[in-house]
Structure formats: C-alpha cells, structure tokens
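Input: a single structure, listed below in structure tokens.
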Amino acid sequence: MTCQIGSSYKIKSGDTLFIIAERELGDGDRWREILNPNGIPFTEKEAENLQTGQEICIPNGSVPPTGEWQSKRVFFGSNGKLTYISDKEQNRIPDYSYAGYLYGEVELPNVPEVSSISPISGDNTAHIQKALDAVATRQPDANGFRGALVLKPGVYELRSTIQIKASGVVLRGSGDGSDRTQDTILAAKVVSRPIVEGKQDRPADKSVVILGTNNPAPWKSGDETKITDDFVQVGSLGFNVENASLFKTGDAIIIKHPSTQKWIDALDGGGVGEVDDPKKNPWKPGKIDIVYYRRVNRVEGNTIVLDAPIYNHLDRKLSQSTVCKINSSEVLTNVGLENLRIEIDKGGEDEKSLWSAVSVIGAEDAWVRNLTALHFGFSGVYTEGALRVTVTDVKAFDPIAIRTGGRMYNFNTEKHSQLILFQNCEATNGRHNFISNGTSSASGIVFHKCKSKGLGSKSADNSDSEGHRLWTQAMLFDSIDENSPDTGSIALINRGNFGSGHGWSAAHSTIWNYNGTIIVQKPPTAQNYAVSSTGKVQKKFKFSGAIGNVEGEDEKGKLSPASLYEAQLKERLQH
C-alpha cells in the first residue's frame with residue numbers, strides 16, 4: 001500500500017512516532033499527524049507496537065532519498081535545515097563548523113609576494129630569518145598583510161629554527177615536491193645534542209618552522225564575573241552573567257569552568273584507574289579547568305552572545321563558571337606557511353634531529369597549506385596557544401623516533417588549541433596520526449576528509465587517531481579515509497591510567513562517516529558519537545564506561561549528509 005497523504009517511510013529499529021515527528025516535523029508532540037497508509041491516524045496502542053519495516057506516512061515529510069539514511073541525532077528536517085536532538089541529559093551533537101581561519105567563513109588569502117631569496121651553501125637559517133625579519137618591518141596593508149617572502153626552488157640546509165615573528169607575514173615556497181629544480185626543500189640537519197633526555201625544552205623549541213610568538217598560553221585575563229544560568233547546554237552561543245557592563249561587542253573574553261571536586265566526582269574521578277578500580281589516582285581539582293577563548297558578538301541586557309559555541313555543559317551544581325575580558329594577548333594574526341617541503345635528517349632512535357616540522361604557537365587566524373613534512377620525531381604540524389587555524393593539503397609522513405609515549409603525533413593539537421581545522425591532510429605511520437593531546441583547554445578540533453595510513457598490523461601503536469587525554473571537547477573526525485581499515489581506528493574513550501593518567505580523553509565528540517574501527521564510550525555528564533555504516537564498531541573496552549551513541553551498523557545506504565562539517569558550515573553561512 002502506498003501513502004494517500006504525505007511521504008512514505010518504513011520503520012527502522014529504535015524508531016518511535018515521537019522520534020520521527022521530532023526529526024521530520026521539528027516537534028515530537030506532532031506524532032499524531034503521522035498516518036497509516038490508508039490515511040487513518042495511529043491510536044496510542046498502535047503507536048506503541050510499531051514493527052520494523054512497517055510503512056507510515058509523514059505529512060510534508062522530509063525523508064532521505066532512496067539508498068540514503070540519516071542520523072537520529074542530527075538530520076535534515078522537513079524544512080531542509082539541520083535538526084539537533086538532545087538526550088535526557090541534554091547532550092547533543094554541537095556545531096563544529098566554526099573551526100579554521102576566520103571561522104572557516106572565507107577562502108585562505110593569497111598574499112602578494114614582496115621579496116624572494118635563493119638558497120646559499122651551508123646553513124640557511126640566518127639567511128631565511130633575515131629575509132623574514134625584513135618583511136616584518138613593512139607596513140601592513142588595509143587587510144593586515146605585510147607580504148610574502150618566497151623561497152625560490154632549491155635545497156635550504158637548516159640547523160636551527162626559523163620563526164615568523166610579525167603579523168601579516170607569509171613564508172611561501174615554490175612547491176612541496178622532491179625536485180630541487182622546481183620545489184623548495186628545507187633540509188633540517190641533525191643537531192648536536194639529543195632532544196629528549198631528562199629535562200628538555202618544549203618540543204616547539206626544536207621545530208623547523210614556528211608561526212607565532214611561541215607563547216603557549218598567550219591570553220591574559222582581567223576582572224571576572226559569574227555566569228548566572230543554572231545550566232548552559234553544550235553547543236550554546238550565549239549565557240547570562242552577573243555584571244554584563246564589563247563587556248561590549250568585539251571584546252575578547254575567557255570563559256572558565258573550574259575543575260572542582262564536585263565536577264571530578266561526577267566524572268568518577270576522571271575514569272583514571274584499573275578496570276575494577278576506576279577511582280584509583282583520580283584527577284585533581286584545579287588541574288583540568290575548561291576554558292574557552294571567544295569574542296562578544298553582542299550584549300543584550302545581562303546576556304552575552306558569543307562568536308562561537310561552548311563545547312561542554314556549564315552546570316552550576318558542579319562548578320561555578322565565570323567570564324572575564326582578555327586584557328592582553330601575545331599573539332600574531334594573519335600568518336601563513338605554504339608550498340614547501342620539510343625533510344628532517346633521519347636522526348633515528350638517537351633522537352638528535354629537529355623534533356617537529358611546523359609549530360603554530362601564539363597565533364590567531366593562521367594557516368599552513370600545501371606542505372609535505374618527513375621524518376619528524378614529534379609532529380608534522382602541531383598547535384599550541386592557537387585559535388582559528390586552518391591546516392590544509394598537508395602531508396605528514398613517516399616519523400622517526402623511539403616508538404613510545406610523547407612521540408610521533410603526525411597532526412596534533414596541544415594545550416589552548418581551539419577552533420582548529422585540518423582538511424585534506426594525509427598521515428602515515430605515526431603512533432597517532434590525528435590526535436588532540438591538549439587536555440581540557442583544547443576544543444573545537446575538526447579533522448575533515450583526511451587520509452590515514454598505519455603500519456598495517458594490530459600493534460598498540462598502529463597510527464590510531466583519537467582524543468588522547470583529560471577531556472578534550474568537540475573533536476570531529478569527519479570522512480576520514482582509513483587506508484588500513486582492519487587495523488586503523490579512531491577512539492573517543494576512557495584511557496584510564498594510560499600515560500600520565502589520561503582518563504576520559506574526549507567529550508561531546510563525533511566520528512562521522514569513517515571506514516575503520518570505531519571505538520566510542522560515553523563519559524559521565526557528556527556523550528560521544530559515532531555515525532557511520534562503513535566502519536566496524538568495537539564494543540569491548542579496556543577501562544570503565546558504557547558504549548557511546550553509535551548509529552549506522554545496520555544501515556546499507558549512504559549517510560546523509562556525507563560530511564557533517566560541510567553541512568553545518570553551509571547552513572551557518574546561509575542563515
């Protein structure tokens with residue numbers, strides 16, 4: 001029988017008329033508008049006894065085209081807009097689309113060339129740095145750019161770090177291939193002492209290129225006021241405060257959720273411990289504060305409206321959150337690195353090579369694009385103290401180091417990294433190809449349409465991607481192409497007493513349309529999501545915690561939308 005009124009839909013496992021009405025009509029209480037194929041409404045008894053495969057008719061319904069399926073947590077409703085469904089704890093998939101240079105709302109700029117150099121014999125570190133510093137003395141144009149220094153084709157030997165030290169400066173090569181007659185190759189040589197031995201500098205201090213001030217916590221706060229709402233839901237763009245007169249449109253602010261004992265208790269101590277003892281070595285109050293770096297979009301009475309969402313619930317029963325104006329910041333803006341190749345000498349397990357290829361530290365609205373990085377020990381590209389950064393069309397291949405903790409994170413966000421977009425990137429043979437190691441101060445991290453290739457074995461360090469430790473929020477792994485789907489994985493889990501006591505690694509994070517092994521657990525007070533019909537879901541976990549919200553195991557068609565990030569960004573820019 002076909003529908004006399006409305007669009008035909010067949011009941012799937014887990015469906016109720018309320019859920020379908022919420023999804024398709026925007027209001028669960030409209031379930032009585034859904035009809036039998038003969039046009040007769042459902043009785044309450046019929047509604048309670050739906051059968052998988054049963055046909056129903058949705059008035060003006062928005063059902064996926066034949067061969068496609070949608071998530072029950074975020075989907076296109078009857079009005080063509082994305083609809084988000086909250087669970088009983090008010091968890092919901094947030095909008096991740098604010099990540100990247102200028103919130104991902106514009107194309108990366110093509111900054112005009114103002115100077116160029118060719119390689120010289122021997123160490124080129126001072127040669128390049130002098131040319132960069134000369135560009136830094138130029139006056140910025142109306143868009144804030146001083147210009148691009150172009151490195152002509154050839155091999156530039158380096159024995160120390162080069163750094164972009166002024167806003168509006170771009171370092172651009174001639175290509176990221178291996179042909180020294182056409183491409184720009186930064187050949188980083190072995191340094192005189194080991195990088196990793198006892199007490200050493202931060203990994204950034206041994207990067208080939210640094211974009212930014214090199215300050216890993218560059219924002220300094222002023223007077224604070226309390227957030228007065230009893231509960232602010234994850235994904236919210238505003239809240240009420242005690243003293244809104246402290247703020248005006250455009251102000252840079254810090255939102256702080258202190259890691260109180262009550263909050264840690266609600267997380268079962270952070271999940272740290274053995275399987276049978278989840279409260280062994282619990283997290284410590286004051287050590288895992290959640291912070292968000294935002295701007296004031298507008299002030300309406302006592303309400304502050306933000307430029308980007310918060311990515312964790314602010315629950316006054318567990319912690320009194322505050323907001324303060326940023327009084328000073330030591331950051332660069334509008335800085336970029338592009339079109340070159342970084343080859344680090346194979347120092348091997350003596351770890352005497354420069355430690356990372358590119359570090360973005362102490363920067364806002366920055367980018368790295370069209371770059372290849374080889375043989376780093378720590379990261380191909382990593383961020384710290386960084387806000388709104390795009391890393392696109394970058395390859396980070398074949399790290400070399402002792403294969404153990406604190407090494408071989410090909411694409412990595414460290415502390416105070418927020419709204420970071422990795423797009424069309426490729427990683428091979430890392431311990432963790434795509435990762436956030438940034439703890440609770442890192443959030444809004446998007447890995448979009450990237451490719452991952454591991455060792456092809458089921459070892460513990462097989463290039464798995466993941467949230468790594470201490471409550472990173474709002475990671476989105478969207479349309480990641482796993483070259484080794486039987487062995488590669490993405491994990492949003494409780495890591496227990498691994499490493500330094502990692503505990504719950506990620507919260508309010510999502511794996512979307514992934515073809516590898518999916519490992520997802522639900523943290524206390526939060527949720528993690530997996531939406532895919534092409535991956536394999538692992539349901540056994542090392543440490544305590546139930547399985548997260550997983551959808552798609554029984555679906556055979558294509559997921560709609562194919563990319564959550566793209567759908568969210570398109571809708572936000574349109575509306």
Side-chain angles (χ1 to χ4, degrees), residues 117-133 149-165 171-180 182-197 200-212 214 335-361 368-384 391 394-402 406-412 426-430:
I117 59 174
S118 298
I120 60 174
S121 61
D123 186 2
N124 280 251
T125 306
H127 178 50
I128 297 175
Q129 191 64 58
K130 181 179 178 181
L132 277 173
D133 293 344
L149 169 64
V150 173
L151 303 182
K152 294 181 179 180
V155 178
Y156 296 74
E157 179 183 317
L158 297 175
R159 292 189 175 272
S160 190
T161 297
I162 55 178
Q163 181 179 356
I164 295 177
K165 299 179 180 179
L171 178 60
R172 178 184 301 141
S174 302
D176 70 334
S178 58
D179 186 340
R180 63 181 59 199
Q182 299 184 39
D183 301 308
T184 298
I185 302 170
L186 304 186
K189 299 301 181 180
V190 172
V191 295
S192 59
R193 66 183 179 86
I195 303 295
V196 183
E197 59 171 14
Q200 290 293 325
D201 297 330
R202 295 181 306 113
D205 296 326
K206 295 299 178 183
S207 297
V208 179
V209 182
I210 297 175
L211 282 72
N214 203 22
V335 291
L337 176 69
E338 51 193 43
N339 300 343
L340 53 79
R341 185 181 189 90
I342 298 176
E343 295 183 356
I344 299 176
D345 257 8
K346 298 181 180 181
E349 292 196 356
D350 60 13
E351 298 186 334
K352 292 183 179 180
S353 61
L354 285 165
W355 202 225
S356 291
V358 181
S359 303
V360 183
I361 306 171
V368 181
R369 66 175 162 183
N370 301 331
L371 182 141
T372 296
L374 299 167
H375 308 143
F376 45 88
F378 185 63
S379 291
V381 179
Y382 94 92
T383 62
E384 187 174 15
V391 180
V394 174
K395 304 177 183 70
F397 291 162
D398 303 330
I400 296 178
I402 301 169
R407 297 157 173 83
M408 306 171 104
Y409 304 154
N410 295 36
F411 293 95
N412 174 27
E426 298 183 40
T428 63
N429 299 334

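FYI, the numbering just counts along the sequence from 1. Just so you know, these numbers use all the heavy atoms, side chains as well, and skip hydrogens, waters and symmetry mates.
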Which residues pass the side-chain contact (heavy atoms from CB on, under 4.5 Å) test with [X], sequence neighbours left out?
X: Glu343; answer: Ile185, Arg341, Leu374
X: Ala396; answer: Phe376, Asn410, Phe411
X: Pro153; answer: Ser174
X: Asp176; answer: Thr372, Lys395

Is there side-chain contact between Ile162 and Leu171, with at least one heavy-atom pair below 4.5 Å? yes
How far does [atom1] of [X] sit from [atom2] of [Y], to the nearest 0.5 angstrom?
X: Ile342; Y: Ser207; atom1: CD1; atom2: OG; result: 9.0 Å
X: Gln163; Y: Ile128; atom1: CD; atom2: CD1; result: 14.0 Å
X: Phe378; Y: Met408; atom1: CZ; atom2: CE; result: 12.5 Å
X: Ile344; Y: Trp355; atom1: CD1; atom2: CH2; result: 9.5 Å

Not counting sequence neighbours, which residues clear side chain to side chain donor-acceptor pair (under 3.5 Å) with [X]? List them please.
X: Thr383; value: Ser417
X: Asp398; value: Thr428, Asn429
X: Glu157; value: Arg159
X: Asp133; value: Gln129

Search all heavy atoms of Val208 against all heavy atoms of Ala188 and return the closest pair with its distance. CG2-CB, 3.8 Å
Only counting residues at least two apart or in another chain, list the ones meeting salt bridge (charged side-chain N to carboxylate O under 4.0 Å, His left out) with Glu338.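 Once residues adjacent in sequence are excluded, the partners of Glu338 under the salt bridge (charged side-chain N to carboxylate O under 4.0 Å, His left out) criterion are Arg172, Arg369.
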Check for a donor-acceptor pair, side chain of Thr184 on one end and backbone N or O of Leu151 on the other, with a separation under 3.5 Å. yes
Can you tell me if His127 uses its side chain to pair, donor with acceptor, with the backbone of Ser118 under 3.5 Å? yes
